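Fair warning: this is a prediction, and the values are worked out from it, not measured in the lab. Both backbone and side-chain heavy atoms feed into the values below; hydrogens, waters and symmetry mates do not.
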Amino acid sequence: MPLGAYCIICCRRIGTSAPRLKHHTSWKNIRNIIRVTGSLLLGGSLFLTYEVLALKKSLTLDTQVVEREKMKSYIYVHTVPMDKAENRDSFSTVDIEDHDCAMWLLLRKSREEDKAARLKAVQEMSEAHHWHNYQYRIIAQACDPRTLIGLARSKESDLRFFLPPPPLPPLKEDSSTEEELRHLLASLPQTELDECLQYFTSLALSETSQSLAAQKGGLWCFGGNGLPYAESFGEVPSATVEMFCLEAIVKHSEISSHCDHIEAGGGLQLLQRLYQLHKDSPKIQRNIMRIIGNMALNERLHPAIVRSGWVSIMAEALKSYHIMEASHAARTLANLDRETVREKYQDGVYVLHPQCRTSQPIKADVLFIHGLMGAAFKTWRQKDSERVLTENALVDENRYTTCWPKTWLAKDCPALRIISVEYDTSLSDWRARCPKERKSIAFRSNELLSKLRAAGVGDRPMIWISHSMGGLLVKKMLLEAAKKPELGAMINNTRGIIFYSVPHHGSHLAEYSVSVRYLLFPSLEVKELSKDSPALKTLQDDFVEFAKDKNFQVLNFVETQPTFIGSMIKLHIVPVESADLGIGDLIPVDVNHLDICKPKTKNAFLYQRTLQFICETLAKDLGN
């Protein structure tokens, strides 16, 4: 109703509601008129203001909607096989805005036949940090798998280049990830399995059955193979069982034909679900990345790995501050990158530097081989300070590093490819991960030789760096390589060797273990370290003669402090006389056996003397 008419009606009502006064209207009626009129004017003003603002909002241009429309307009995705997409020009003719021309030109160049042009285009894409979100998404959807992998391996790449992994298929009704993992493991072939793989598979399946029975109303107990549970009282049973299954699948993934079955059984999606569920469990995530890295050794599986979204996951992991996570991702991406990487990195062979594509020429290799109970990363960490928090390592790697070859040595010698090798060892068969595994030094040396050759070790000048039993493996590998003509380059390119407390003449650890064998059940590796071991003496004599003939440069370090084995046993593991190879300098250091390869700081004598040896031995090769 119009405002004026409403006011007139109100006035009339007021005027007729009481007897008419002779000469004037009462002040009371006037106040009522003012109150009503004021309320109406205020309400009308508010209403008009609201309408004006609503109209203005409806006419405002939403820039996010425009960007989304641009994405829809400019993306042209062709679904073609990965091998056929490489040389196919998949771009349509479209009207492109000026500020988008550079992006589309880079996309086109990334598919050129000329390899140098493709690599340059990917590098320029990775260095682009001024684009809009929609432009990164265009690249993510329009680039081919080769370009996507190249961006993932580029250090400066923005993570917006990578689309989130596609939605995972739902689990079957009344099923769980644990059950799905068990079914995947049970579906894998039982052929080409060694005793250790059979052990892992049977253990995982039997423990999964116990866990499932407990979930469905049974009692969870430590029956059957109780030792693995006994070692993990604090873990949730399902997580423990999943770990057993993953360890078995890791072993299966080392067999090329089994990788096909893992992919066909939906393993890539299932492993991705587990990876997302266990973000707080680095050990589970590392085992999953080991499986994907092993599958990536097979080029026929690359399209499936890319389609399932693993490149995006690895690209993010590669940028992690956690060295182990980044190194596992780097291995997988290197195996996927057939554009710039000729080598293949099998399980246990990790490149610490360079982990990304680089224009820096690599002129030599340095290999790190750990010893008993060691690992590819933890053996080479900085000496543990009193209470060094992980945050400190993230703030300043010069103050503390979890892997000094990757942080310190890579910066001091950027022209090196730095590789760290990992293999399973144990002090006793009672603690062995696989009780049926009896691997001698000779067996392990041949196994590692095969893996290192696949990684291109021997193609460049090289230095070996070893700790404890790792030094015996280095000696055995070099002697075995000398017997095989196809490995001659590995011998000819070996420039020098650093031994950190290597028991060339045996270790007291072996003597102690034998004397209490009823408690420790010494493993084969420990037995071979006995001072009266014929195999150890033959290895020492043969290698000294061989090293002198080849003129290898040698540097020996040895501990002078005893080491605690457990909480009660204190033992001088490698005495000075045992660490003396008979060639090269022998330098005693006032540390124990575990810390002999862990410099206290970057300026510590241990690191600086190691760096000096590397630079001097490779001076001609590095052009220093």
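- Residue E124 places its CD atom among more than 12 non-hydrogen atoms of other residues, nucleotides or ligands, all under 6.0 Å distant.
- A distance-only check finds no donor-acceptor pair linking the side chain of E343 to the backbone of A455 [under 3.5 Å].
- Checked for salt-bridge contact, D347 and K451 miss the test: no charged N lies under 4.0 Å from a carboxylate O.
- Note that CG of L184 and CD of Q269 are 10.5 Å apart. Values are rounded to the nearest 0.5 Å.
- Residues H258 and E263 fail the side-chain proximity criterion, which asks for heavy atoms closer than 4.5 Å.
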Kindly indicate, with the supporting measurements, whether the criterion side chain to side chain contact (heavy atoms under 4.5 Å, CB included) is fulfilled by N298 and D260. CA-CA 9 Å; N298 306 283; D260 296 322; 5.8 Å; no

Check residues 464-471 and write down every donor-acceptor pair under 3.5 Å in which the side-chain atom is one partner and the other belongs to a residue at least two apart or another chain.
from : atom 1 : to   : atom 2 : distance (Å)
W464 : NE1    : T494 : OG1    : 3.2
S466 : OG     : I498 : O      : 3.3
H467 : NE2    : H593 : O      : 3.0
S468 : OG     : H593 : NE2    : 3.1

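- At a threshold of 4.5 Å between non-hydrogen side-chain atoms, the residues H261 and P189 count as touching.
- In this structure, W380 has no side chain to side chain donor-acceptor pair (under 3.5 Å) partners at least two apart in sequence or on a different chain.
- Atoms OG and CG, on S445 and L473 in that order, are 6.5 Å from each other to the nearest 0.5 Å.
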Would T332 and N335 satisfy side chain to side chain donor-acceptor pair (under 3.5 Å), going step by step from the backbone distance to the final call? CA-CA 5 Å; T332 300; N335 286 337; over 6 Å; no

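- The shortest side-chain heavy-atom distance between L367 and V474 does not fall under the 4.5 Å cut-off.
- A salt bridge between E339 and R118 is present, with a side-chain N of the basic residue lying under 4.0 Å from a carboxylate O of the acidic one.
- For the pair I288/W310, a side-chain contact is recorded, criterion being any heavy-atom separation below 4.5 Å from C-beta on.
- Between E325 and P282, the closest side-chain pair of non-hydrogen atoms is not below 4.5 Å.
- A salt bridge does not link R342 with D337: none of the charged nitrogens is closer than 4.0 Å to a carboxylate oxygen.
- Summarising the geometry, atom CG belonging to L409 is positioned 9.5 Å from atom CG belonging to L352; distances are rounded to the nearest 0.5 Å.
- Listed for the H353 side chain is a donor-acceptor partner under 3.5 Å among the backbone atoms of P414.
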Given the rule in the side chain to side chain contact (heavy atoms under 4.5 Å, CB included) test, do L270 and L168 qualify, once you have shown the distances and angles that lead to the verdict? CA-CA 8 Å; L270 178 58; L168 296 173; over 6 Å; no

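- For the pair S126 and S154, the tightest heavy-atom approach, listed with the atom from each and the gap, is CB-CB, 3.5 Å.
- Under the 3.5 Å distance criterion, the side-chain polar atoms of K319 are matched with a main-chain donor or acceptor of K155.
- When all heavy atoms of A317 and M289 are compared, the closest pair comes out as CB-SD, 4.4 Å.
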Is there a side chain to side chain contact (heavy atoms under 4.5 Å, CB included) between M243 and I284 once you walk through the steps? CA-CA 6 Å; M243 180 61 71; I284 287 181; 3.3 Å; yes

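- The pair K251-E247 does not meet the salt-bridge criterion, since no charged nitrogen lies less than 4.0 angstrom from a carboxylate oxygen.
- Closest of all the heavy-atom pairs between H129 and Y136 is CA-OH, 3.3 Å.
- Ring geometry for W404 against Y607 counts as perpendicular: the plane angle is over 60°, on a 0 to 90° scale with 30° as the lower cut.
- Side-chain atoms of E422 do not come within 3.5 Å of backbone N or O of S420 as any donor-acceptor pair.
- Considering OG1 of T147 and CG of L106, their distance stands at 10.5 Å, rounded to 0.5 Å.
- The main-chain N or O of P354 is never found under 3.5 Å from a side-chain atom of T358 such that the two would form a donor-acceptor pair.
- Side-chain atoms of R137 come within 3.5 Å of backbone N or O of F162 as a donor-acceptor pair.
- Looking at S308, its side chain does come within 3.5 Å of a backbone N or O of A304 through a donor-acceptor pair.
- To the nearest 0.5 angstrom, L107 atom CG is 4.5 Å from M125 atom CE.
- Y423 places a side-chain heavy atom less than 4.5 Å from the side chain of L448.
- Looking at L119 and T340, their side chains come closer than 4.5 Å, going by heavy atoms from C-beta outward.
- Note that the CG atom of L372 and the CG atom of L472 stand 9.0 Å from one another [nearest 0.5 Å].
- The aromatic rings of F377 and H328 sit tilted, their planes meeting at an angle between 30° and 60°.
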Under the side chain to side chain contact (heavy atoms under 4.5 Å, CB included) rule, what do I419 and Y350 come out as? Steps first, then yes or no, please. CA-CA 6 Å; I419 292 177; Y350 301 99; over 6 Å; no

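- Closest of all the heavy-atom pairs between V306 and P145 is CG1-CB, 4.1 Å.
- A side-chain donor-acceptor contact under 3.5 Å links K598 to the backbone of L594.
- The side chain to side chain donor-acceptor pair (under 3.5 Å) test applied to Q355 returns S327, not counting sequence neighbours.
- No donor-acceptor pair closer than 3.5 Å links the side chain of R444 to the backbone N or O of I441.
- For E180, the side chain to side chain donor-acceptor pair (under 3.5 Å) partners are S175, not counting sequence neighbours.
- The heavy-atom pair separating A442 from K476 by the smallest distance is CB-CE, 3.8 Å.
- Partner L336 forms a side chain to side chain contact (heavy atoms under 4.5 Å, CB included) with one of V341, V311, L148 and no other, that one being V311.
- The side-chain hydrogen bond (donor to acceptor under 3.5 Å, both in side chains) analysis of residues 157-168, with sequence neighbours excluded, yields the pairs N133-R160, D158-R160.
- Under the side chain to side chain donor-acceptor pair (under 3.5 Å) criterion, N294 pairs with S253, R331, not counting sequence neighbours.
- If you check the side chains of S176 and R182, you find no donor sitting under 3.5 Å from an acceptor.
- For the pair R338 (side chain) and A334 (backbone), a donor-acceptor distance under 3.5 Å is present.
- Contact record, A140 with L163: CB-CG, 3.7 Å, taken as the closest heavy-atom pair.
- Proximity of I249 to L181: side-chain heavy atoms (C-beta onward) are separated by under 4.5 Å at one or more points.
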